[in-house]
Protein chains: 2
Amino acid sequence: MKRKLKDKISICEVFYVNKEKINAVKKVMKPNETIISLAQTFKVLGDPTRTKIIFALSKEELCVCDIAALIGISQSATSHQLRVLRNMKLVKYRKEGKIAYYSLDDNHIRNLFDEGLRHVEE
Amino acid sequence: MKRKLKDKISICEVFYVNKEKINAVKKVMKPNETIISLAQTFKVLGDPTRTKIIFALSKEELCVCDIAALIGISQSATSHQLRVLRNMKLVKYRKEGKIAYYSLDDNHIRNLFDEGLRHVEE
DNA sequence: TTATTATATGAATATATGTTCAAATATGAT
DNA sequence: ATCATATTTGAACATATATTCATATAATAA
């Protein structure tokens, strides 16, 4: 063993934990709330139905029924998912009579989405 | 009613579906497999534990036990999540004796991650 | 060989989540 | 007022998923 024992500590009952590396990363680790928010944002984009909705809204402002017809799910399911997206501030809507027109609330989302597409489409 | 009835059709038993808009979006809609892959990628990033792992690995190559110690979860849970990330080709590893050193497999992920952070941190 | 260590894996459990169904609002037309 | 339509909402159900625990590999040391 070449390394000094000081560099290794025992947590989780396993040796060979490199303390320096861990501290280096800990120093730049984002605060927990940031991580939670980030994970939530990704999670919301991580359902095919919502992914389709976001994609559609990135092209056109659409009403609930248009979205439902477009992606082929019930109007109720659409509304439920739109609420999730609304709560995360990813979409907004304006009302015109009975009809609610939804659109993207944030341009970051478009970028995030495009970056994701680039990853998937290579 | 000013618009011609032709533009409105009845799907899901609701009127006021705008056929033109739907067709316009349908034309540019990504194929289902693309949507599924995209959603899967986002979903994998959408769990706080995995988010932390990805963040850590974006800074340092780390072994399983380092990761576990760093984010404060069990080695088993870490290993399970690393498998998820491995399956999605988001991380790779090299073995040095008993130790498995993990790192990011793909730079797109770093960009995706940074774009997400920008959205969250404003 | 046996012992130790780092990681992986399978089963079980508890929790989260997406859809459906039914019913409730909300708005406009008759 | 009543009727029709667009959307929302709550409850129920079924499925997915993250963690834990116990055990199994894999690699090295003694």
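Quick note on labels: first sequence line is chain A, next is B, and so on, each numbered from 1.
- One interatomic measurement links the two molecules: CG of A/Asp66 to C1' of D/dT5, which rounds to 14 Å at whole-angstrom precision.
- In terms of modelled atom types and a separation under 3.5 Å, the side chain of A/Lys92 and the main chain of A/Leu104 share a donor-acceptor contact.
- Atom P of nucleotide D/dT7 and atom CZ of A/Arg86 are separated by 12 Å, given to the nearest angstrom.
- Rounded to whole angstrom, the span from the CZ atom of B/Arg83 across to the C1' atom of C/dT9 amounts to 6 Å.
- Distance, A/Tyr93 OH to C/dT27 C1': 13 Å, rounded to whole Å.
- For B/Val64, counting side-chain heavy atoms from C-beta on, the closest listed nucleotide (D/dT28, D/dT7, C/dT7) is C/dT7.
- As a whole-Å value, the separation of A/Leu45 CG from C/dT17 P is 14 Å.
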- Message: Under the criterion side-chain contact (heavy atoms from CB on, under 4.5 Å), I'd like the reasoning laid out for A/Lys52 against B/Asn32: C-alpha separation, chi angles, the key distance, then a yes or no.
- Response: CA-CA 9 Å; A/Lys52 285 176 196 164; B/Asn32 220 273; 3.7 Å; yes
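- Using a distance-only test at 3.5 Å, with no hydrogens or angles considered, no donor-acceptor pair links the side chain of B/Ser79 to the main chain of B/Ser76.
- Both A/Lys43 and B/Leu82 lie near DNA chain C, and the one whose nearest nucleotide falls closer to the 5' end is B/Leu82.
- The aromatic rings of B/Phe42 and A/Phe42 lie parallel to each other, with less than 30° between the two planes, well short of the 60° mark.
- Under the 3.5 Å distance criterion, the side-chain polar atoms of B/Arg50 are left unmatched by any main-chain donor or acceptor of B/Leu85.
- Put simply, A/Lys95 has no side-chain N or O that comes within less than 4.0 Å of OP1 or OP2 on D/dT7.
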With B for base contact, S for sugar-phosphate-only contact and - for none (protein heavy atoms under 4.0 Å), nucleotides 19-25 of chain C reads SBBB---
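- Ring geometry for A/Tyr93 versus A/Tyr102: interplanar angle under 30°, hence parallel rather than tilted (30 to 60°).
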B/Leu62 and A/Lys21: side-chain contact (heavy atoms from CB on, under 4.5 Å), yes or no, with the steps?
CA-CA 8 Å; B/Leu62 294 167; A/Lys21 271 188 175 181; 3.9 Å; yes
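- Atom CD1 in A/Ile53 sits about 13 Å away from atom P in D/dT7, given to the nearest Å.
- A/Lys98 has no side-chain polar atom (N or O) that falls below the 4.0 Å cut-off from OP1 or OP2 of C/dA29.
- A/Tyr102 comes within contact range of the sugar-phosphate backbone alone, with a heavy-atom separation under 4.0 Å but no base atom that close.
- Between B/Arg50 atom CZ and C/dA16 atom P the separation is 15 Å, expressed in whole Å.
- Atom pair B/Ile99:CD1 and C/dA6:C1' shows a separation of 7 Å (rounding to whole Å applied).
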